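Report on the following structure.
Each ligand, and each atom within it, is numbered from 1 in the order the structure gives. Not measured: the values here are computed from a predicted model.
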Amino acid sequence: RPFLADPLFVQKAAAGKADEINTCIGCNQACLDHTFAGKVTSCLVNPRACHETLINITPAPSRERIAVVGAGPAGLSFATTAAQRGFDVTLFDAATEIGGQFNIAKQVPGKEEFFETLRYFGKQIELTGVTLQLKTKVGVIASRPNRVSIPHAEHEPCGADFSPPWSTEVDPTTSRVSIEELVSRGFKQVVLATGVTPRTPPIEGIGHAKVLSYLDVLRDKKPVGKTVALIGAGGIGFDTAEYLLHEGTSPSLDKAKFFAEWGVDTSYAERGGLTPAHIDKSPRKIYLLQRKTGKVGDGLGKTTGWIHRTSLKNRHVEMLAGVTYRRIDDAGLHITVNGEERTLVVDNVVICAGQEPQRELQAELQAAGLQVHLIGGADEAAELDAKRAIKQGLELAVALAAAPKAADAPASAACVTIAAGSIQKNGTTPFETLTVSLVDHIATIRLNRPDKANAMNLAMWHEICQAFQWVDATPGARVAILEGEGKLFTSGIDLQMMMGMGDQIQNDCEARTRENLRQVILDLQDTLTSLERCRKPVLAAIHGACIGGGIDLICCADMRYCSADASFCIKEIDIGMTADVGTLQRLPKLIGEGMARELAYTARKFDASEALQMKLVNRVFDTREALLKGVREIATTIAAKSPLSIRGVKEMISYARDHTVADGLNYVATWNAAMLLSNDLQEAMMANMGKRPPEFKD
Ligand SMILES: Cc1cc2nc3c(=O)[nH]c(=O)nc-3n(C[C@H](O)[C@H](O)[C@H](O)COP(=O)(O)OP(=O)(O)OC[C@H]3O[C@@H](n4cnc5c(N)ncnc54)[C@H](O)[C@@H]3O)c2cc1C
Ligand code: SF4
């Protein structure tokens, strides 16, 4: 389990970096519980475990500022991963420490190790450069109405009190950050990881002084009497019972106490190493109640539920299922169970009856024009646990600013037409500078700023990257065509964008300004590299002029085709700069070093026939229409081949460009040892024998 939690455990320990180790907290929730349920094993604190090839942490498309509200498990997981990718993340929490409900969970005997997860995330915040603002509440929220209406309650006498007695107030010394301030600080996306609030069940007398919430008990340490009824027998109900049944040192921190409680004979004198268990006298009489019929604690983990149930049984907790709550008053809690009315004479009633999402900020943030993402309890409180919260945080962080996830894409694109412009980035806004379509397994990415000569502005750089990530992740897209709208392919980088860059990189410190500029250049390079990273072949169809940044762009495509009117120019030298996003590195490999040098030193314009002669393009078509038709035919041929093998071919040719022949041969041997025996191989042979076209899966 420790290696599921952190595969780098040994390296970190050897390097003296124990504080960076992600520690297994012994929960069994994603490892053994998954195994026994026939699910893929993973880890609560490390959802990438056994999913390493599916959840990839890639560089962010830009250093955009992201605000995260809530430093519970979901917010921590998101913030540290997003910062690791290169986003500029600020994490706000109203509390004085990170951790959210994990700070409450770690109070429970047996869950002390939950602290380790917070220690790990604390270190990650430091290492990834997340800006942490504690004691800072975001937004001014009108307090949640405490009165709850229960129109159908059976026992509601006139004027009955249904207001819970617990407080939801925040420390008055906490600072506030308004939504306007978030906007003025340049945040465009906000991740709401604000967690949950305890649910108040509509029971008559819920406002009685003897009623407490689990937060009053576990977090605020309010005094609790000798007899207690717990309403709700989920994980938190069991934990609250466990907490109330122990006094002094927790057995999980005191070996002798633990062995005595579980009857472990450490002297090996007894048969099987077992002795009669010695249970300390319970300080309280506890009733644990649930509305559902069936076994109490049935929903607990497969491999840990029995421990919790045994522990409570050993301490004579009375567990009742199928309970109807009638009212709470000075006499105690009045219930009906198995058709019988009972009054549990208790000092306190503790409510552990589920939770509700806390996301009041969402509407206000959206009204201010901010893009809002919900994760953890803020997204869905039902069946919430830290496993889901941490996984959701990670998944959002790796997908942020990416085009739609693979799961959103059509399973097969044959006959599915997505109208140009209708593919959404992050599920909400259409691309501003591109039109994207997917027809018959062919994705078409069209540069779409015809009134600006398709000049590549900041939005276009980001969107090109997103579009090719989308092609890569969409199973139905087997091949992509890159083309331009209007009179020409592209006039290259938008000079206005370059001039506006000064403000973006400015810093009081000269070195930091330079570092910022370096980062911007690397980000732009990364955008173009997204064409090479995309596992599907990319065909560039060039008409009219293709200038400056346009050459950098087409050099990343797998193949280039043009119409007879096309012209090309490596323009950078004429604006007094060295081309820096790929032409000088890739073009010599395509057309030879001598010619690449001539064109880059002189900025000489060259035409379609010369481009063909120097093998920059594979073919010249007479007209733009013929170009688009011809390129589509080539794409159609590729789309009909085995997608798995086509992806292998791209990988191998790209690899061979940057490695020796020996390295390439070695790589393809390993690759095919893994991929050769595929369904595609079988299908190709069967189709050949049956004299029919093969049908491959995406
Ligand atoms: C006693 C107990 C035991 C548990 N045991 C387990 C267990 O064994 N296994 C398990 O998987 N899960 C367990 N859980 C549940 C787990 O802790 C939660 O599922 C998890 O913490 C949810 O994470 P979250 O990030 O969505 O929200 P939270 O942990 O609730 O964090 C939300 C954070 O947002 C902050 N916040 C809210 N509003 C604002 C605002 N406007 N401005 C700034 N900050 C704000 C809050 O201060 C808080 O820190 C337990 C919970 C409890 C209470
Ligand atoms: S799921 Fe829990 S017990 Fe299993 S390896 Fe991860 S932290 Fe450890």
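The atoms of ligand 1 that sit less than 4.0 Å from any heavy atom of Lys387 are 11 (O). Of all atoms in ligand 1, listed by their number and element, those nearer than 4.0 Å to a heavy atom of Asp385 are 10 (C), 11 (O), 12 (N), 19 (O). Shown in contact with Val69 at under 4.0 Å from a heavy atom are these atoms of ligand 1, numbered in order with element: 40 (C), 42 (N), 43 (C). Taking a cut-off of under 4.0 Å to the non-hydrogen atoms of Gly377, the atoms of ligand 1 that pass are 26 (O).
For the pair Lys285 and Tyr287, the cation sits on the ring face: its NZ or CZ lies under 6.0 Å from the ring centre, inside 45° of the axis.
Among Ile335, Val296, Leu288, the single residue meeting the side chain to side chain contact (heavy atoms under 4.5 Å, CB included) criterion with Leu320 is Ile335. When the options Leu400, Val68, Ile66, Val190 are evaluated for a side chain to side chain contact (heavy atoms under 4.5 Å, CB included) with His373, the one that passes is Leu400.
Considering only residues two or more places apart in sequence or on other chains, Glu242 meets the salt bridge (charged side-chain N to carboxylate O under 4.0 Å, His left out) condition with none of them. His308 pairs by the side chain to side chain donor-acceptor pair (under 3.5 Å) definition with nothing, not counting sequence neighbours.
Between Lys226 and Asp347 there is no salt bridge, since no side-chain nitrogen of the basic residue lies less than 4.0 Å from a carboxylate oxygen of the acidic one. By the 4.0 Å N-to-carboxylate-O rule, Arg342 lies close enough to Glu318 to be salt-bridged with it.
By the 3.5 Å distance cut-off applied to N or O atoms, Ala389 is not counted among the residues near ligand 1. Note: an N/O pair closer than 3.5 Å links Gln29 and ligand 1 by distance alone. The shortest N or O to N or O distance between Ala94 and ligand 1 is under 3.5 Å. Close N/O approach between Leu44 and ligand 1 is not found [any backbone or side-chain N/O within under 3.5 Å]. Here's the thing with Gln358: one of its N/O atoms is less than 3.5 angstrom from an N/O atom of ligand 1. Some N or O of Val138 is nearer than 3.5 Å to an N or O of ligand 1, by distance alone. Not a single N or O atom of Ile104, backbone or side chain, sits closer than 3.5 Å to an N or O atom of ligand 1.
The ring pair (Phe, Tyr, Trp, His ring centres under 6.0 Å) pairs that include a residue from residues 95-125 are Phe102-Phe114, where partners are two or more places apart or lie in different chains.
Of the candidates Gln107, Lys111, Gln133, Lys111 brings a heavy atom nearest to atom 5 (N) of ligand 1. Between Gln101, Gln392, Glu242, it is Gln101 that holds the heavy atom closest to atom 29 (O) of ligand 1.
Heavy-atom separations between Phe114 and ligand 1 include at least one value shorter than 4.0 Å. By the 4.0 Å heavy-atom criterion, Thr136 is counted among the residues contacting ligand 1. Contact analysis leaves Cys27 out of contact with ligand 1, as no non-hydrogen atom separation drops below 4.0 angstrom. Note on ligand 1: Arg388 sits outside its first shell, no heavy atom being nearer than 4.0 Å. The closest approach between Gly235 and ligand 1 stays at or above 4.0 Å for every heavy atom of the residue.
Interatomic distance, Phe238 CZ to Arg309 CZ, rounded to the nearest 0.5 Å: 6.5 Å.
Both the backbone and the side chain of Asp93 come within contact range of ligand 1, each with a heavy atom under 4.0 Å.
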Note to self: Working note: Asp220 + Lys222, criterion salt bridge (charged side-chain N to carboxylate O under 4.0 Å, His left out); need CA distance, chi angles, decisive distance, verdict.
What the structure shows: CA-CA 6 Å; Asp220 302 336; Lys222 290 206 175 153; 5.3 Å; no

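Counted by atom type alone, Arg1 and Asn28 present one or more donor-acceptor pairs between their side chains at under 3.5 Å. A donor and an acceptor atom, one from each side chain of Lys17 and Gln11, are nowhere located under 3.5 Å apart. Between the side chains of Thr303 and Asp33, a donor-acceptor pair is found at a separation under 3.5 Å.
Listed by chain and number, Cys27 SG are the protein N/O/S atoms closer than 2.8 Å to atom 2 (Fe) of ligand 2, with waters left out.
Atom NZ of Lys39 has 12 or fewer neighbouring heavy atoms from other residues, nucleotides or ligands inside a 6.0 Å radius.
Of all heavy-atom pairs spanning Glu247 and Lys257, the tightest one is O-NZ, 3.4 Å.
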